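In what follows, a single structure is set out as structure tokens and then discussed.
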There are 2 protein chains.
Amino acid sequence: MHQTLVDQDGRGTAKEMTLLDRVRGLILGGDFPPGAPLSEVFLAQEFEVSRTPIRETLKQLQHEGLVEIRPKVGTFVREPSRREIVEMFQLKESFEGLAAGLLARRGKVREIAILERNIEESDEAAADQDAARYAELVHEFHQTIIRGADNHKLMEHYERLMNQLAYHRLVLRTAERPGRISASTAEHRTVLEMIKAKDHFGAEAAMRNHVYASSREVLTGSRADGD
Amino acid sequence: MHQTLVDQDGRGTAKEMTLLDRVRGLILGGDFPPGAPLSEVFLAQEFEVSRTPIRETLKQLQHEGLVEIRPKVGTFVREPSRREIVEMFQLKESFEGLAAGLLARRGKVREIAILERNIEESDEAAADQDAARYAELVHEFHQTIIRGADNHKLMEHYERLMNQLAYHRLVLRTAERPGRISASTAEHRTVLEMIKAKDHFGAEAAMRNHVYASSREVLTGSRADGD
DNA sequence: GTAAGCTGTGATGCATGCATCAGACGTTGG
DNA sequence: CCAACGTCTGATGCATGCATCACAGCTTAC
């Protein structure tokens with residue numbers, strides 16, 4: 001029984017998605033809001049598998065912090081408290097700062113080129129008032145730095161963290177304001193300059209400053225550029 | 001050799017240990033060295049449960065990075081490569097630096113008192129050439145700082161990281177050299193001074209410097225104080 | 001003698017059934 | 001009317017059995 005496991009966002013890329021990815025997608029996609037119960041039998045029917053692999057999946061998601069399993073009661077989508085969100089942003093700052101520092105130390109030409117191009121396109125997107133494209137580029141900028149750090153363990157922890165933040169980010173996306181989206185580009189530029197100068201100390205500081213600034217504004221709702 | 005089924009902290013509290021803890025203890029305790037296969041049926045018999053909960057446990061451990069599940073083949077204790085160990089130490093440096101900085105910012109009197117006492121006892125242990133006690137105190141010092149940071153998400157990520165490093169640390173423990181164990185106490189003292197001065201920037205830098213120094217020596221085998 | 005193919009064995013992957021238990025709801029006593 | 005209790009329902013927790021597959025070792029062709 002080779003059920004074609006198509007992804008749900010209609011990209012048509014039809015890559016084989018593991019059950020874990022699919023259930024997680026259900027949560028992050030908003031189909032199950034925080035607090036919603038995740039019944040094993042329901043999910044089993046939904047994905048046409050038995051309860052056993054569903055149970056394994058839910059336990060994994062518990063480990064990721066996305067769901068809460070109350071023994072003998074059920075599994076529920078976890079709603080991070082505001083405090084936890086603050087904590088996670090502190091971690092994000094630390095992770096991305098570390099990554100920027102490592103990348104600066106390595107001075108990888110290819111990544112630098114990508115980042116330069118990214119900033120150019122960000123300027124264009126900002127000029128075009130294309131908020132969606134801008135958000136995409138911001139995401140790409142951070143991803144490039146994380147990946148460029150060349151530290152796989154860091155990537156793992158970072159991904160775990162961002163998964164937990166993801167639902168929150170989706171909510172924030174809706175609050176984008178095209179008029180202010182270029183605010184963070186200047187900070188991106190500073191980070192890139194530090195990296196190009198191989199100033200790992202400065203790069204880390206600039207990146208942390210940037211993440212801190214955008215997270216502050218996210219938390220207070222004043223910038224909310226989805227970054 | 002090791003108490004297998006009871007809790008390991010010798011508290012005698014015999015708290016109900018979850019299967020996850022018990023299997024993990026088997027790995028970290030060295031009963032299953034890296035590369036060893038973890039047969040589901042064997043573990044099921046060992047713990048007198050069926051294969052189903054064992055499977056769930058193994059999937060969790062995979063997520064923790066302690067084991068590697070090769071589909072349709074089996075589960076094996078993962079042996080971190082040297083590169084991964086370096087990566088993990090970089091993360092450790094970042095985590096503990098963040099924690100020290102947060103603790104300095106908070107300036108919690110209780111934690112500071114604990115740390116001061118810890119350093120005193122460390123000096124005594126060093127004077128007594130009591131390597132085991134010293135290692136214990138070092139561990140406690142770091143734990144106090146991590147917990148004092150008051151960031152639960154940070155603790156989670158830190159624990160995950162240290163679990164992956166744990167096997168390696170056990171190996172290092174055997175290489176302790178009583179003559180040099182006091183080397184890190186000076187660094188601990190510096191960290192504490194920064195925290196007392198509420199210099200979060202300095203505290204972070206001092207902590208990172210300390211972690212970097214000890215990890216360097218661990219990796220090159222020149223200090224190897226288990227820190 | 002070597003390499004390709006085949007079969008056996010043992011493991012995992014999953015479906016299913018039963019035991020157990022938390023929480024809901026109706027009932028009853030005050 | 002309210003609170004305490006008993007029953008009931010639906011879920012989870014786990015044991016078990018069957019299908020499937022990777023790998024080893026043997027067989028066979030060349």
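In what follows, every heavy atom counts, from backbone to side chain, and hydrogens, waters and symmetry copies are set aside. Within every chain, numbering begins at 1; the chains are lettered A, B, ... in the order of the sequence lines, protein sequences first and strands thereafter. For clarity, every value in this text was computed on a predicted model and none was experimentally measured.
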side-chain N/O T52(A) vs dC14(C) OP1/OP2, d < 4.0 Å: no
Looking at every non-hydrogen atom in both residues, tell me the closest pair between A100(A) and I195(A) and how far apart they are. O-CG1, 4.1 Å
In whole angstrom, what separates [X]'s [atom1] from [N]'s [atom2]?
X      : N       : atom1 : atom2 : value
L19(B) : dG13(D) : CG    : C1'   : 12 Å
Q45(B) : dC14(D) : CD    : C1'   : 17 Å
R70(A) : dG23(C) : CZ    : P     : 7 Å
E68(A) : dT12(D) : CD    : P     : 14 Å
E40(B) : dT20(D) : CD    : C1'   : 14 Å
I54(A) : dG13(D) : CD1   : P     : 14 Å
F76(A) : dA22(C) : CZ    : P     : 14 Å
L38(B) : dT12(C) : CG    : C1'   : 14 Å

Mind checking what makes side chain to side chain donor-acceptor pair (under 3.5 Å) contact with [X], not counting sequence neighbours?
X      : answer
E64(A) : R24(A), H63(B)
T75(B) : none
E87(B) : R83(B)
Q45(A) : none

Would you call H142(A) and H210(A) a side-chain contact if the rule is heavy atoms closer than 4.5 Å? yes
Partners passing salt bridge (charged side-chain N to carboxylate O under 4.0 Å, His left out) against R55(A) (at least two apart in sequence or in another chain): E40(A), E56(B)
Could you tell me which residues satisfy salt bridge (charged side-chain N to carboxylate O under 4.0 Å, His left out) with E121(B), sequence neighbours excluded, listed by chain and number? R117(B), R133(B)
Contact class for S39(B) vs. all strands (heavy atom < 4.0 Å): base, sugar-phosphate, or nothing? sugar-phosphate
More 5' along DNA chain C: V73(A) or P53(A), using each one's nearest nucleotide? P53(A)
Atom pairs, protein N/O to nucleotides 17-21 of chain C N/O, distance under 3.5 Å:
unit_1, atom_1, unit_2, atom_2, d
dT20(C), O2, K72(A), NZ, 3.1

Between [options], which nucleotide has the shortest distance from any of its atoms to the side chain of [X]?
X      : options                   : result
P71(A) : dA15(D), dG13(D), dT12(C) : dG13(D)
R55(B) : dT12(C), dC14(D), dC23(D) : dT12(C)
E56(A) : dA15(C), dC14(D), dC14(C) : dC14(C)

Any side-chain hydrogen bond (donor to acceptor under 3.5 Å, both in side chains) pairs touching residues 97-107 of chain A, not counting sequence neighbours? R105(A)-H200(A)
Contact list for DNA chain D against residues 59-66 of chain B - heavy-atom distance below 4.0 Å: none
